[in-house]
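Below: the structure, in structure tokens.
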Amino acid sequence: MHLSRFPRVSLAHLPTPLEHLPRLTAELGGPQIWVKRDDCTGLATGGNKTRKLEFSLAAAIEEGADTIVTVGALQSNHVRQTVAATCKLGLSCEVLLEHRVQDPSDYYANSGNVFLDRLFGANLHEHPAGTDFDAAMQEVAEEVRSKGGKPYIIPGGASDKIGALGYVNCALELLSQANDQGLVIDHLITATGSAGTQAGLIVGLKAMNSNVPLLGIGVSAAQAAQEEKVFELAVETADYIGASGVVQREDVVANCDYVGDGYGIPTESMNEAIIMLARTEGLLFDPVYSGKGLAGMIDLIRRGEYSKSQNIVFLHTGGSVALFAYADQLDLT
Ligand SMILES: *Cc1c(COP(=O)(O)O)cnc(C)c1O
């Protein structure tokens, strides 16, 4: 595996810090908790999509594209990072936004990520939930072509084998930091949605023979579907980097008990987790992804899943801008 063989543009501030959380560790009385700060990737308030976009946008540029077409929920962090990156690289961007949350508040419809999308001047097309977005993106691409442009479609979350390279690379970066710090990682935990983060990480962890188990905390789908999605993408990604066969089905583990009523719908445990991290460590997490991921980690610690001597690393995937979209839905008392 040699990732510099793949085209890449520089968008992220790397390496992101790997930090110990002593006050959270004390509060939970459990294992030592560490955080890998991918909320600090730097682009337009950061987040996990930036690492993926370094590879996705390089592939687009290599194909001669001048217009990026992509998709996400109204409060998509992926869309926000993509439109910012296209500004930086001088590309146009056509965005299909899905209304995945019913009866959105004014905050949800206009603040947080979507506010920044407008600031970056992206062409936003809003669609109802359940639209066939693959077909809709093809249509937009066709329109771009008919006007003489060269479109490139980046799937939701940049979760294809190209975007996943960003998280293969993150696994290498994390292992090298842990080696330098003399830290033995007993478990790595992250939120998992469109699957590219977990798929890329597991490929990197396995290709390096790290023996670090990875747990994805689901934010939308049920467990079987989530694991299948991650596994399929991991296999494709491993093939793509010439490491076929490194990932077995049992390496892909997702816990989807913390989704609550659905994608983007707040849960009490997410609310508690966000407040706990803010008030013990001064850290910001988001209601849709990292907050539910944290809620899962906190609950598993309370249930005694991990021993006090173990080291857990939580990968912070970013998204805190979405807090503003939920300003009227979080209970801060
Ligand atoms: C997209 C996203 C995730 C999930 O990553 P996937 O690669 O889509 O599984 C987690 N956290 C945040 C903040 C995100 O924006």
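Read the numbers this way: they start at 1 and go in the same order the structure lists the ligands and their atoms.
Look at Glu54 and Arg8 and you find a salt bridge, because one of the NZ, NE, NH1 or NH2 atoms lies within 4.0 Å of a carboxylate O, short of that distance. The pair Lys36-Glu19 does not meet the salt-bridge criterion, since no charged nitrogen lies less than 4.0 angstrom from a carboxylate oxygen. Note on Glu142 versus Lys147: no salt bridge recorded, every NZ/NE/NH1/NH2 to OD/OE distance being 4.0 Å or above.
Residues Gln32 and Asn311 have side chains that never bring a donor and an acceptor to within less than 3.5 angstrom of each other. A donor-acceptor contact under 3.5 angstrom links the side chains of Thr197 and Asn48, judged on distance only.
Relative to the six-membered ring of Phe120, Arg80 misses at least one condition, a distance below 6.0 Å or an angle of at most 45° to the axis.
Protein residues are said to neighbour a ligand when one of their heavy atoms lies under 4.0 Å from it; for ligand 1 these are Asn48, Lys49, Lys52, Asn77, Ser159, Thr192, Gly193, Ser194, Ala195, Gly196, Thr197, Asp286, Tyr289, Thr317, Gly318, Gly319.
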